[in-house]
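Below: one structure in structure tokens.
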Amino acid sequence: MFVSQRRFILKTCGTTTPLQCLEPLLLLVTKYAGFDAVEDVYYSRKNYKRPELQQSPHCNFEQEVAVLDSFFKDGAAYCLGSVNRDCWYLYTLHPLRGPRRGTTEPDQTLEIMMTDLDPEIMSIFTREECSSAAEATLRSGIDKLLPDMIIDDYLFEPCGYSMNGISKTEEGPKLASGCYMTIHITPEPEFSYVSFESNVPLESYKEVIMRVVKTFRPGKFVLAVFANKTSVAAKAPRELEKEASFGDWLRHDVHYCRFKSYDLTYALYSKFPS
Ligand SMILES: C[S@@+](CC[C@H](N)C(=O)[O-])C[C@H]1O[C@@H](n2cnc3c(N)ncnc32)[C@H](O)[C@@H]1O
């Protein structure tokens, strides 16, 4: 969970039920932070491998949307990608119509959702191979993905890895202060999955994406890149729309979307025919 002055970011996994925190979260924000309106919401996830194992309302996106709609009156739900294969669901407020309240401070997000990962790399994220999270961070090269990050990492027993990073604010940072990156790794070969997310402001994400996919070597990955008009990354969604490959990974699907103040590109790449 990342908390900043005007925003919460919650990332969960497994069979957690993040939408159930909406009501208490909104109450707490009103009571303790004095905010009286929600400026925007981004609820997103990749399609599940085994949706039937989830708990309500997360077994299907329609149920999730119904819960979100009960809180927000101007929400819009999207599915990008192929509904019978790989896709990515998004619920957000203020699609294209209506006045937008609040500020338009620069904002951008890069998400890379990777599946079918190289077992040799995945073995790093087990207690058998590494005795500490710090060792796994160094051996995998996670520490080199973005410069100047203070990393809080965790290696699960017997396997699994999570890290949260915040950019350093002193020593003349190469990155803007307050940037985050977060990586979560499920190394089990039957359902291996790695998610990477960051709000680092860059004009182009091509190099970071290449570093990330070379580090984890997925068979397949989904990209989602958001940027608003005031961001240095404003042109990044358009740039990625044109990117037919990343090294050995070929693109199989792409969508470019325009929202009121954000542009978004979704794309699916794989090493094999999809
Ligand atoms: C990356 S973790 C989930 C991370 C979660 N978002 C977090 O930071 O708490 C998922 C991987 O860790 C393993 N794991 C081991 N113990 C776990 C636990 N107590 N909770 C969640 N995952 C666990 C799972 O088998 C899976 O490979």
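Note that ligands are numbered from 1 as they come in the structure, with each ligand's atoms numbered from 1 the same way. If you read the sequence from its start, that first residue is 1, and numbering goes on from there.
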Worksheet item: Among S192, P158, S162, which residue places a heavy atom closest to atom 8 (O) of ligand 1?
Response: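 Nearest heavy atom to atom 8 (O) of ligand 1 lies in S162.
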Item to complete: Go through ligand 1 atom by atom and flag the ones less than 4.0 Å from a non-hydrogen atom of E157.
Response: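 Result: 15 (C), 16 (N).
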Fill in: Y161 contact mode with ligand 1 (heavy-atom cut-off under 4.0 Å)
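Y161 to ligand 1: backbone contact only, side chain stays beyond 4.0 Å.
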Worksheet item: Is it true that R85 and D253 make a salt bridge, defined as a side-chain N closer than 4.0 Å to a carboxylate O?
Response: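 Looking at R85 and D253, the cut-off is not met.
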Practice prompt. Answer yes or no: are there more than 12 heavy-atom neighbours, outside E52 itself, under 6.0 Å from its atom CD?
Written response: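 Counting other residues, nucleotides and ligands, CD of E52 exceeds 12 neighbours.
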Worksheet item: So, N164 versus Y154: side-chain donor-acceptor pair below 3.5 Å or not?
Response: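 Note: N164 and Y154 side chains miss the donor-acceptor criterion.
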Practice prompt. Looking only at protein heavy atoms, identify the closest one to atom 10 (C) of ligand 1 and say how far it is in Å.
Written response: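 Heavy-atom neighbour on the protein nearest atom 10 (C) of ligand 1: T186 OG1, 3.5 Å.
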Discussion item. Using a strict threshold of under 4.0 Å (side-chain N to carboxylate O), is an ion pair present between E239 and K235?
Written reply: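 Between E239 and K235 there is no salt bridge, as every charged N stays at least 4.0 Å from the carboxylate O atoms.
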Item to complete: Answer yes or no for G14: is there a heavy-atom contact with ligand 1 below 4.0 Å?
Response: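 So G14 does not count as touching ligand 1.
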Worksheet item: Can you check whether L117 reaches P187 side chain to side chain, under 4.5 Å on heavy atoms?
Response: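 No - every pair of side-chain heavy atoms lies 4.5 Å or more apart.
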Item to complete: Return the residue, atom name and 0.1 Å-rounded distance of the protein heavy atom closest to atom 21 (C) of ligand 1.
Response: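 Scanning the protein heavy atoms, the shortest distance from atom 21 (C) of ligand 1 goes to F156 CE2, 3.9 Å.
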Worksheet entry | Heavy-atom nearest neighbour in the protein, as seen from atom 13 (C) of ligand 1, with distance rounded to 0.1 Å |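 Here the nearest protein heavy atom works out to C159 O, 3.0 Å.
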Worksheet item: Side chains of L53 and Y48: does their closest heavy-atom pair fall under 4.5 Å?
Response: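 Not touching, per the 4.5 Å side-chain cut-off.
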Practice prompt. Heavy-atom contacts with C13 under 4.0 Å: which atoms of ligand 1 show up? List them by number with element.
Written response: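 The list of qualifying atoms is 3 (C), 4 (C), 5 (C), 6 (N).
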Worksheet item: In the protein, which heavy atom is nearest to atom 25 (O) of ligand 1, and how far is it?
Response: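 The answer is E188 OE2, 2.6 Å.
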Worksheet item: Taking all non-hydrogen atoms of both residues, which atom of L146 and which atom of F196 are closest, and how far apart?
Response: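 Looks like CD1-CZ, 4.2 Å.
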Worksheet item: In terms of atom number and element, which parts of ligand 1 are under 4.0 angstrom from non-hydrogen atoms of P187?
Response: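 Per the distance check, 27 (O).
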